[in-house]
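Everything below concerns the one structure shown next.
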Number of protein chains: 2
Amino acid sequence: MPNAQDVLFRTLADPTRRALFERLCREGEQTVGSLTAQSGVSQPAVSKHLGVLRQAGLVRDRHEGRQTHYSAQLGALAPLIDWTSQMAGFWQSRFDHLEDLLKRMDQ
Amino acid sequence: MPNAQDVLFRTLADPTRRALFERLCREGEQTVGSLTAQSGVSQPAVSKHLGVLRQAGLVRDRHEGRQTHYSAQLGALAPLIDWTSQMAGFWQSRFDHLEDLLKRMDQ
DNA sequence: TTTATCCATAGCCAACGGGTTATCGATTCC
DNA sequence: GGAATCGATAACCCGTTGGCTATGGATAAA
């Protein structure tokens, strides 16, 4: 059972898939056909990528007749931001300890 | 020629590799041996991962006799933060335009 | 009702990636 | 100097994954 960061990093690691997500962020809701037209890969490939993005919570789908509209779910990026902050936090913490140590050595 | 986000996402997508980076962030500089001991994979595997992390700029190596010390380079995460901000920015921008449109329609 | 469009799924294949063992150069210890 | 340790590289294996074509189900158009 992979954690949230795992899913996000793996999902966003593929350039084609990340490009699809970026486009949905930039331009808002899009149909599969519209996304396929500019993607450089086949429609099934796009559908598969959108499925992966959906499972990661990064996009939502909305069915309207025979077309499916996808839109970005920005909130799903939260674990990514959390992880980055955590790494920065660890680093800062070690830095603080070092400062502390140097301060005590100085006395 | 992959861009910076590409390299970062791909590099951090692997759980073992990300765990190595996390440990270096938490605990600071470590030798390959020390990292291997807690990693659950073989020493060559660890070396390979560290090589990938180094090429991504996420770690630095320091040679001291026959051991190599690795440490995290937190600054290398910048493109990741940039990308996330950018996605949030696009989203916000679209929201602003929508607000604007609604405001104009209201008049 | 028949035809055309949209998208998802199935099935297949080639490439990539992460793991292993074996080995080697370099250093340190005896 | 000889033995042992450290870490990087080579060579290999196998599972995953991202691409494709073919197809089918559902809806819209004719």
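Order of the sequence lines sets the chain letters (A, B, ...), proteins ahead of strands, with each chain counted from 1. Just so it is clear, the values below take in all heavy atoms, side chains as well, and ignore hydrogens, waters and symmetry mates.
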- prompt: Can you list the residues that meet the salt bridge (Lys or Arg N to Asp or Glu O under 4.0 Å) rule with B:D6, with sequence neighbours excluded?
  reply: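 Only A:R18, B:R10 meet the salt bridge (Lys or Arg N to Asp or Glu O under 4.0 Å) criterion with B:D6.
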
Checklist entry - So does A:Y70 get a side-chain nitrogen or oxygen closer than 4.0 Å to the phosphate oxygens (OP1/OP2) of C:dA8? => result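 It does, given that an N or O in the side chain of A:Y70 lies less than 4.0 Å from OP1 or OP2 of C:dA8.
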
*Calculate, to the nearest 0.5 Å, the distance between atoms CG and CG belonging to B:L74 and B:L24 respectively.*
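Between B:L74 CG and B:L24 CG, I get 11.5 Å after rounding to 0.5 Å.
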
May I have the distance from [X] (atom [atom1]) to [N] (atom [atom2]), rounded to whole angstrom?
X     : N      : atom1 : atom2 : value
B:Q67 : C:dT27 : CD    : P     : 13 Å
A:R62 : C:dC6  : CZ    : C1'   : 15 Å
B:D61 : D:dA8  : CG    : P     : 7 Å
A:L50 : C:dC7  : CG    : P     : 10 Å
B:L20 : D:dG7  : CG    : P     : 13 Å

With sugar-phosphate taken as primed atoms, P, OP1 and OP2 and all else as base, the protein-contact string of nucleotides 15-30 of chain D at under 4.0 Å (heavy atoms; B, S, -) is ---BBBBB----BS--

List the residues meeting side chain to side chain donor-acceptor pair (under 3.5 Å) with A:Q5, not counting sequence neighbours, and say none if there are none.
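Per chain and number, A:Q5 pairs via side chain to side chain donor-acceptor pair (under 3.5 Å) with A:N3.
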
Classify B:S47 by what it touches in the nucleic acid, base, sugar-phosphate, or nothing, heavy-atom distance under 4.0 Å.
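It contacts base atoms.
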
Please output the side-chain donor-acceptor pairs of residues 43-56 of chain A that fall under 3.5 Å, not counting sequence neighbours, one pair per line with the distance.
residue	atom	partner	partner atom	Å
A:Q43	NE2	A:S47	OG	3.1
A:H49	ND1	A:R17	NH1	3.3

Original post:
Got a sec, which residues hit ring-ring contact (aromatic ring centres under 6.0 Å, His included) with A:F9, two or more places apart in sequence or on another chain?
Top reply: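 A:F9 satisfies ring-ring contact (aromatic ring centres under 6.0 Å, His included) with A:W83 once adjacent residues are dropped.
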
| query | Among all residues two or more places apart in sequence or in another chain, which pass the side-chain contact (heavy atoms from CB on, under 4.5 Å) test with B:S85? | reply |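 For B:S85 the side-chain contact (heavy atoms from CB on, under 4.5 Å) partners, ignoring immediate neighbours, are B:I81.
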
Q | With B:R23 via side-chain contact (heavy atoms from CB on, under 4.5 Å) - residues at least two apart | A |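 B:R23 satisfies side-chain contact (heavy atoms from CB on, under 4.5 Å) with B:E27, B:Q30, B:S34, B:L35, B:Q38 only.
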
Residues 58-65 of chain B side chain polar contacts: donor-acceptor under 3.5 Å, at least two apart:
residue	atom	partner	partner atom	Å
B:R62	NE	B:E29	OE2	2.9
B:R62	NH1	B:E64	OE1	2.8
B:R62	NH2	B:E29	OE1	2.6
B:R62	NH2	B:E29	OE2	3.4
B:R62	NH2	B:E64	OE1	3.3
B:H63	ND1	B:T68	OG1	3.4
B:E64	OE1	B:H69	NE2	3.4

Below 4.0 angstrom, which residues in residues 25-37 of chain A have at least one non-hydrogen atom near DNA chain D?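 None - not one residue of the stretch has a heavy atom sitting under 4.0 Å from the strand.
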
